[in-house]
Number of protein chains: 2
Amino acid sequence: MTSRPSAELITNTAVTADLVVLTIQEQRLRVLLVERSLEPFRGQWALPGGFVLPDEDLAAAAERELVEETGLTHPARHLEQLGTYGAPGRDPRGRVVTVAYLALLADLPTPRAGTDAADAGWFDLTATPELAFDHGDILDDGLERARAKLEYTTLATSFLAEEFALSDLRAVYETVWGGDLDPANFRRKVLATDGFVEPTGLVADPPQRGRPAQLYRRGPASTLAPPILRPEGTRS
Amino acid sequence: MTSRPSAELITNTAVTADLVVLTIQEQRLRVLLVERSLEPFRGQWALPGGFVLPDEDLAAAAERELVEETGLTHPARHLEQLGTYGAPGRDPRGRVVTVAYLALLADLPTPRAGTDAADAGWFDLTATPELAFDHGDILDDGLERARAKLEYTTLATSFLAEEFALSDLRAVYETVWGGDLDPANFRRKVLATDGFVEPTGLVADPPQRGRPAQLYRRGPASTLAPPILRPEGTRS
DNA sequence: ACAAAAGTGTTGCCCTTACACCCATGA
DNA sequence: TCATGGGTGTAAGGGCAACACTTTTGT
């Protein structure tokens, strides 16, 4: 930033914003992928994303791509910068640096869309196809970040709808980490963590069997606080 | 990444790598700043950094700038990507996206240098000048990251020389967080943390007064592990 | 002998874990 | 009334903070 004054020395580079969009469907962690309709890597699956516009902020570009690609109007439950990838050979078209973002979404009934991608869909993380560019690495980093952040933040609520039972919240942890958590201890821990959830006073619809649960909504702790319990041996 | 095929749509952007370089001198956390010798912000202090070269990886650019700016030949004790800043108006010359890196260094006797910066120097973090561009924000983020990472990694050793006493390591935490730590409990915690430090068998030079300490070196845990103790109320 | 820093022991408290138990509902 | 999941109680164990105490050095 301080050196190399002459404009000729400035490296002209394309900047893209790519997204690792995670959600939980049917007790499985899933990622949003799109099929490329153009070269390079035509026909191959990739992370959704696109070029940052000339006067657009990076986060705004990520949010825009997220809406375009998913059709979601609601703002993403959680969107954070994941990292920037700029190895010289990562895009055969030339120097392209991508700023990757991590998005966590509730499983709302808006699964797909598609502007210029041939197709789009949710993929089980245990069965993702080979990805274009270095998107495989980016996905791995995103997953690792998501798993880690559940541990010391209240982000797990980002995977849930407005109102949820504590068992829904527990299911998020169990899905992302694998393994079971003790319902009793989980409840105490969450309720003891300031700003994690707050009661709505409502009660869930009558379940198939068993006692209906109290409903909660997200608390004011956006991403702070030192909450959760993680069973031994679930640390990747 | 998937859309906007036509090359004309690609936003041409300059990419820089800027560095938040932290070290500890005289029980104070200090940051390396350079004085800009050119417009824009000529004469103002800024983070060290510069343009990423056409065929250079981002991390390589950061490392190169670090060497150029500090004259250090040793590889940085720790260098990690901090985040990417690309608000449209952040550089008056045009669209410049900067990838910021965080470096932690031991206080080796190589304080300054200067390739194309007018001057360079270490600044006490309680008394930093107004910085050029959005470098003030970047510095804040770097500081926050450094403080947080000491808590759940073994990175504190990055601030120390090859061999150090446990009291030196404790001083790092006390400096970065403020406040005192119990020497007895600190020792136990560090020694109980697998891969944090390993004994050299050597003993420190006779101090002015008091019993000389055993010397240790960094253990194999590069940045993992869940170590340290943080006194209540030191969380910014 | 004394001061000062390194290093060890010990105790009480709190948080977590594990699991027994009660509650509310549909069938 | 039984099965099922929601929710409360509680006792044992581990880890940590606090602090007393011992060791090793220079002066």
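Hydrogens, waters and symmetry mates play no part in the numbers below; they use all other heavy atoms, side chains included. Because the structure is predicted, anything quoted here is derived from the model rather than measured. Below, chain A is the first sequence line, B the second, and so on; all start at residue 1.
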How far apart are the C-alpha atoms of B:Y173 and B:F186, what are their side-chain angles, what is the distance that settles it, and do they pass the side chain to side chain contact (heavy atoms under 4.5 Å, CB included) test? CA-CA 10 Å; B:Y173 285 92; B:F186 180 82; 3.6 Å; yes

Quick check: any donor-acceptor pair below 3.5 Å linking the side-chain of B:R209 to the base of D:dT25?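 Check fails, no donor-acceptor contact within cut-off.
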
OP1 or OP2 of [N] versus the side-chain N and O atoms of [X]: is any pair under 4.0 Å?
| X | N | answer |
| --- | --- | --- |
| A:R170 | D:dG6 | yes |
| B:R187 | C:dG7 | yes |
| B:R188 | D:dC16 | no |

Do A:R36 and A:Q44 have a side chain donor and acceptor closer than 3.5 Å?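 No, A:Q44 and A:R36 have no side-chain donor paired with an acceptor closer than 3.5 Å.
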
Answer yes if the side chains of B:D18 and B:T98 hold a donor-acceptor pair under 3.5 Å, and no otherwise.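 Checked: B:D18/B:T98 side chains pair up, N/O donor to acceptor below 3.5 Å.
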
Of the nucleotides [options], which one has an atom closest to the side chain of [X]?
| X | options | answer |
| --- | --- | --- |
| B:P212 | D:dT24, C:dA6, C:dT25 | D:dT24 |
| B:A184 | C:dT8, C:dA18, C:dA6 | C:dT8 |
| B:N185 | D:dA18, C:dA5, C:dA18 | D:dA18 |
| A:S167 | D:dT23, D:dG7, D:dG6 | D:dG6 |

Any A:P48 side-chain heavy atom under 4.5 Å of A:L66 side chain: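 When only atoms from C-beta onward are counted, A:L66 and A:P48 do not touch, as no gap falls below 4.5 Å.
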
Nearest-Å distance, CG (B:L169) to C1' (C:dG7)?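 Rounded to whole Å, this separation is 16 Å.
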
